[in-house]
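Reviewing the structure listed below.
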Amino acid sequence: MKLLQQEVTVTLNRFLVKKLTQTDLTFYEYNCRPNPLPELEDVHKTLSRICNRLEVIAVRLGNSIITQKKVPISKLKTEKWELEECGLRVLTCANPQERSALESFERKRIESHLRYTKNTVELIGGGLLCWVTAQKGVELSGEGWEIHEARRIDVAVEPDGKLYLEVDIHYRFYTPWTLHEWLENYPDIPIKWVRNRYGKRETWEYLGIFSNQSPWEIQLPELNMSLAEYHLQKYNAPREEVESSWVVEVASKQKRLPHLSRRLSPVLTLEMLASLEDNRGKVSADVINRIRKSLEERLQESGKTASLIIKEVYKLSCEKIEPLKTKGYILAKPKLLGSEKLLGSGRKQVQNPAGVRYHGCAKVGETKFGCLNLYDNRQEYPSEVRKCLLEVAQKSGVEVELDFCATQQDLPEGDLARKRFWQSWAEQGIKTVLVVMPWSPNERKQKIRMEALEAGIATQFMIPVPGANPYKALNVVLGLLCKAAWQPVLLEPLDHPERPELIIGFDVGTNRQLYYGASAFAVLADGQSLGWELPAVQRGETFSGDAIYQTVSKLVNKFHDKLDRYPSKVLLMRDGLVQGGEFSRTIEELEKEKIAVDIVGIRKSGTGRMGIEEGKGKYKDAKIGTVVFDYSRKSFTLVTSEPISRKGAGSIGSARPLRVVHEYGSTPLEVLAVQTYHLSQLHPASRSQACRLPWVLHFADKSGKEFQRLGSNIFNVLQSIDRQKLIAV
């Protein structure tokens, strides 16, 4: 297989500032002795904190601190640290560590200027968010909500010494209302997160109304005072604000606590605005039209911001500024495979998972299905779903049993009786059930889902729509089949000697009380599922290296059970930034068995934009499968999705690529790029829509969210569930 099919010129939202001179590369270097001495793993964090308190722009370089202006004498020795000047040091851009320090320094230089000129600046994902202030920054507003505009700014220093700015448009939803006002005006709109309206504006998970008692009646035993006294004394809160509040419950990490409705604001989300559309008139369509800007608009606005920074921060003339053009490639397209027979024979190529209706699935699983019809109380499947399911089964060479149906009248009210209801289905060999129901609160769906899982049954929910809809029916059937351990489609494996034989995706999840440190999902090189693994449940916020190894070892042994040998190479995909030491034990243990290991971190945000110039100043999004390699950073940026399309309106917005960083291993970047791209196009549970993330990470993420909903009861609930059943699709 030819991995890189076509070379293309790609436009990035990067703008050249200048080539760094020797003066720009010359720094004062200081040795630092913190007091007290930190633990080895905390040295870098401690040095970074000290850098922020030196009254000059300073950054960490290894275990040293560098500045371009001398540190004031008063800051050389304090109670917390002692600095010793080592003289001047000229950095080189070819050195990755020194280049990273230069980028940190330039980032801080820009941040310092923006704060000095009274801009509102936040740090986000290594970059900066600069908010457009006052009414000018409000893009759109309605009753109780606003959309604010910002610029996301980052810097890049290349090995040749050129300094670039990377600029993009960013939006945030905001409500000027208190939680109290929101609940009074929109009592039916769900709220997930709230934020303090004072102090550090801490964010909490919102759990609902805590009590009808007044804040004076709610006691805080650990403080020996009431909730009202706490806010009046500690935060000098206005008495009227405290006494007129409702007492609500919020959660943070390992604790739940009461709070005051007028001392909080909701964290507004697009989902909440979409709910407003359902209940208060058209909202989300206007929002989407405003924030989904085309690539051309983004590049124009980003260029203006870059020009301003170049003039004001770097004092350089900037008459004309153009986005960077660089070399990119179009990757080989993935080929999806369906089958009229079981896995391993009779494979036929399909354009997307919708093709299984005509060619059958690559692998069959359970053949008994149940239907719980809570919609119209008929003991039958929706006709279009039944028809589609029978067609797929017939093309897959098997017969399915669809005679097990129940209605609302069959579903008992009492807890014990409901347990018997689900257990009776499980005893008949029914392990997957279609639940047909009208729109219902999440609490009702979650109750049914949990009851079924406790009996070893996976559920696929469906909200019927008027009239026959074969497209919706096929999506429902695909989800149902995945939950019944079928595999609708496979991938044609990469024809390359360096390809990995086993790919495992990891995701971090939390329900604010427990952390799920190693939610994982694995596939073979052809996309064949090896199933998911239960995460380690822990109190800490970081991955446990032991938990990762235990998960990987189980999946490697599953590979051995299937093929009677170990994989020659394992690719581990981590959602987000790979932290130091997370995979150390896994690497050590696998390499003892002569199993090669590659580790990549996949980042969804802060990845910039990628486009193709159609004419002078006219741009369109780069095609899906377009990649730009950055060999100096062992990374690549890859387009895995397309802009949203609307009938008659063309594309809306601009696709955001993924940034993939190769953290460990020897596999060529080109092979990793094609593997990542192909896995992103494998989405067996959807008739045509691909994932933005590789399938292993997409499903690990979905599983993590499902595990969070199950809470601390996770092991009891899932112990009887087959790991091949993709319960979270």
Side-chain angles (χ1 to χ4, degrees), residues 120-124 129 131 133-135 137-138 140-148 150 171-273 275-276 279-280 283 441-443 510-514 541 708:
T120 302
V121 182
E122 296 179 30
L123 304 180
I124 178 171
L129 271 185
W131 292 96
T133 56
Q135 193 60 33
V138 179
L140 198 64
S141 63
E143 188 177 358
W145 59 270
E146 297 174 353
I147 298 176
H148 288 247
Y171 295 96
R172 180 172 293 170
F173 303 134
Y174 168 75
T175 174
W177 284 355
T178 64
L179 173 64
H180 196 100
E181 291 172 300
W182 187 270
L183 292 173
E184 285 183 321
N185 286 274
Y186 300 134
D188 50 347
I189 305 301
I191 299 168
K192 188 169 184 181
W193 304 100
V194 290
R195 183 178 288 122
N196 285 353
R197 293 175 62 85
Y198 56 90
K200 294 182 179 179
R201 298 181 63 79
E202 187 173 357
T203 299
W204 313 84
E205 183 182 5
Y206 177 66
L207 301 177
I209 299 293
F210 179 72
S211 170
N212 291 325
Q213 294 175 290
S214 82
W216 292 101
E217 297 174 285
I218 301 297
Q219 294 298 310
L220 306 176
E222 68 278 9
L223 299 176
N224 195 29
M225 64 174 66
S226 70
L227 182 61
E229 290 172 315
Y230 174 75
H231 281 269
L232 290 169
Q233 294 178 22
K234 183 173 178 67
Y235 295 106
N236 198 28
R239 180 175 287 268
E240 181 183 357
E241 185 178 274
V242 171
E243 294 181 340
S244 64
S245 285
W246 297 320
V247 179
V248 300
E249 186 177 22
V250 298
S252 173
K253 295 187 178 179
Q254 299 170 19
K255 61 183 178 181
R256 296 184 175 200
L257 66 159
H259 212 309
L260 299 177
S261 60
R262 294 192 189 276
R263 303 279 286 162
L264 296 163
S265 279
V267 176
L268 194 60
T269 65
L270 184 57
E271 289 76 18
M272 292 167 70
L273 290 177
S275 297
L276 286 179
N279 296 280
R280 304 286 192 267
V283 171
N442 282 334
E443 291 79 7
T510 174
N511 65 0
R512 307 288 286 183
Q513 293 181 324
L514 296 172
E541 295 185 36
Q708 292 165 37

Legend entry - Test item: Trp204 and Asn196 side chains (from C-beta on) under 4.5 Å apart, heavy atoms: yes
Inset, instruction - May I ask you to decide whether Glu122 forms a salt bridge with Arg172, counting only side-chain N to carboxylate O separations under 4.0 Å? - result: yes
Legend entry - Side chain proximity check, Ile189 to Trp182, heavy atoms < 4.5 angstrom: yes
Inset, instruction - Look at the rings of His148 and Trp131 and say which category their plane angle falls in: under 30° parallel, 30 to 60° tilted, over 60° perpendicular. - result: perpendicular
Inset, instruction - Determine whether Ser211 and Ile218 make a side-chain contact, defined as any pair of heavy atoms from C-beta on separated by less than 4.5 Å. - result: yes
Inset, instruction - Measure up the Tyr235 and Tyr230 rings against each other and bin them: parallel (under 30°), tilted (30 to 60°), perpendicular (over 60°). - result: perpendicular
Inset, instruction - Report yes if some heavy atom in the side chain of Pro266 is under 4.5 Å from a heavy atom in the side chain of Met272; otherwise report no. - result: yes
Legend entry - Side-chain touch Val267/Ile191, heavy atoms, less than 4.5 angstrom: no
Legend entry - Check: Val248 and Leu264 side chains under 4.5 Å, non-hydrogen atoms: yes
Legend entry - Any side-chain donor near an acceptor of the partner, Glu243 and Trp216, under 3.5 Å: yes
Legend entry - Side chain to side chain, Val242 and Leu260, heavy atoms closer than 4.5 Å: yes
Legend entry - Ring-ring centroid check Tyr186 Trp145, cutoff 6.0 Å: no
Inset, instruction - Check the side chains of Arg263 and Ser245 for a donor-acceptor pair under 3.5 angstrom, ignoring hydrogens and angles. - result: no
Legend entry - Side chain to side chain, Tyr206 and Leu179, heavy atoms closer than 4.5 Å: yes
Inset, instruction - Looking only at non-hydrogen atoms, find the nearest pair between Pro258 and Phe210 and report the distance. - result: CB-CD2, 4.1 Å
Inset, instruction - Please determine if Arg195 and Glu202 form a salt bridge, counting it only when a charged side-chain N lies under 4.0 Å from a carboxylate O. - result: no
